[in-house]
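Here is the structure we will look at, set down as structure tokens.
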Protein chains: 2
Amino acid sequence: MPEEKVFTISELAAMFDISSRTIRYYEEIGMLTSENRDSLTKQRTYTNRERRRLKMILRGKKLGFGLQEIREMIELYESNPEGEAEKSRIIAFADSKLREIEEQIMQLQMLREDILTYKEKYENSRVKT
Amino acid sequence: MPEEKVFTISELAAMFDISSRTIRYYEEIGMLTSENRDSLTKQRTYTNRERRRLKMILRGKKLGFGLQEIREMIELYESNPEGEAEKSRIIAFADSKLREIEEQIMQLQMLREDILTYKEKYENSRVKT
DNA sequence: AACTAAGTTAACGTTAACGTCAACTAGGAG
DNA sequence: CTCCTAGTTGACGTTAACGTTAACTTAGTT
């Protein structure tokens, strides 16, 4: 085994330009887990798995989702549904999220058009040089 | 003149499924103005102009923007820049917003693909009926 | 040994975006 | 006149998502 590299909390924080407090907070509310804490110093260590999770969290935030919402979406990625009922529930959730996202994309495209229109309005009113 | 229709605060609130408090709050922080308040009863009245503004605010919120950010974008719509410097500033702001929006659209499309992938993973693991 | 750097927990502080409640007014319905 | 509805202005309460500070431990210098 290639002895997977692990990160300290401040390494991870620097990586994503956030504070250590933020990472601890995400763990506090159960969105991250620090496996294998040093048994003596109690220091947290993170692997690539947690790094990926953190990346997903931050992407979600940039898109305007709340942490609870993001948590559900991550659970979608990581869930291993038992039974047809559970699978159906998850697929339904995915579908509703997909609709929400597509709606959001459409609204953003409209906003983009609006801004472009106004921008051009100002550009055309500029003095020709 | 066609005597433009005006709305009461609760009419407007019902229209967008928000509370009256929210509308007063938006006025409080200067994102809405209630022109022509009844000089005796002090009741707010709104015209289509304010209705459109409110619509823009709520769209922005759904897209994950903060109220201050939305305020700047609305000012973009309503500004009447004097002088070349001011125009350049506004066009630069529009450009930066456009880039931000396009980035957000890309991220959302990636998120959409991700969710689709996971959804299909579950669908393919379902028992054929 | 003394100091510094990086980490820990616990607890209180902060900001945005409203919710809630109290005390008041003005306009009708009966 | 009395009651009800809809509105008003404060003012305090609430939640999410951290920031900040204190008091402590451990590891690595000097």
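Chain naming here is simple, since letters A, B, ... match the order of the sequence lines and numbering starts at 1 in each. This structure is a prediction, so every number in the text was calculated from the model and none was measured.
- Side-chain N or O atoms of A:Arg37 include one that pairs as donor or acceptor with a backbone N or O of A:Lys42 at under 3.5 Å.
- Nucleotide D:dA17 holds its P atom 11 Å from the CD1 atom of A:Ile57, rounded to whole Å.
- Using a 4.0 Å cut-off between a side-chain N of Lys or Arg and a carboxylate O of Asp or Glu, A:Arg21 and A:Glu28 qualify as a salt bridge.
- Heavy atoms of B:Ile29 sit nowhere under 4.0 angstrom from any nucleic acid atom.
- In this structure, B:Ile23 atom CD1 and D:dG7 atom C1' are separated by 13 Å, rounded to whole Å.
- Regarding contacts with the backbone of D:dA6, every side-chain N or O of B:Thr8 stays at 4.0 angstrom or more from both OP1 and OP2.
- Nearest-nucleotide positions on DNA chain C for A:Lys42 and A:Arg21 put A:Lys42 closer to the 5' end.
- Taking 4.5 Å as the limit, every side-chain heavy atom of A:Glu35 sits out of range of all side-chain heavy atoms of A:Arg49.
- As a whole-Å value, the separation of B:Glu28 CD from D:dT9 P is 10 Å.
- Atom CG of B:Asp38 and atom P of D:dG7 are 13 Å apart (whole Å).
- A close approach under 4.0 Å does occur between a side-chain nitrogen or oxygen of B:Arg44 and OP1 or OP2 of D:dT9.
- Using a cut-off of 4.0 Å between Lys/Arg side-chain N and Asp/Glu carboxylate O, B:Glu86 and B:Arg89 are scored as salt-bridged.
- Taking atom CZ of A:Phe65 as the reference point, atom C1' of D:dA17 lies 17 Å away to the nearest angstrom.
- Comparing B:Ile9 and A:Gln68, the nucleotide of DNA chain D nearest to each residue sits closer to the 5' end for B:Ile9.
- Note on A:Thr22: a side-chain N or O is less than 4.0 Å away from OP1 or OP2 of D:dG19.
- Taking 4.0 Å as the cut-off between side-chain N and carboxylate O, A:Lys97 and A:Glu100 count as a salt-bridged pair.
- Taking only side-chain nitrogens and oxygens, B:Ser20 never comes nearer than 4.0 Å to OP1 or OP2 of D:dG7.
- Relative to the side chain of A:Leu67, the nucleotides C:dT8, D:dA6, D:dC18 differ in distance, and D:dC18 lies closest.
- As rounded to whole Å, 14 Å separates atom P of D:dA17 from atom CD1 of A:Ile18.
- Which of C:dC18, C:dG7, D:dG7 sits closest to the side chain of B:Gln43 comes down to D:dG7.
- One finds no side-chain N or O of B:Tyr25 lying less than 4.0 angstrom from the OP1 or OP2 phosphate oxygen of C:dG19.
- Using a 4.5 Å heavy-atom threshold, the side chains of A:Leu12 and A:Arg51 count as touching.
- Between D:dA17 and A:Lys61, no contact under 4.0 Å exists linking OP1 or OP2 to a side-chain N or O.
- In the set D:dT26, C:dG19, C:dG27, C:dG19 carries the atom at the smallest distance from any side-chain atom of B:Ser19.
- Applying the 4.0 Å criterion to OP1 and OP2 of C:dT9, one finds that A:Arg37 has a side-chain N or O inside that range.
- Rounded to whole angstrom, the span from the CD atom of A:Glu11 across to the P atom of C:dA6 amounts to 11 Å.
- Taking atom CZ of A:Arg24 as the reference point, atom P of D:dT21 lies 15 Å away to the nearest angstrom.
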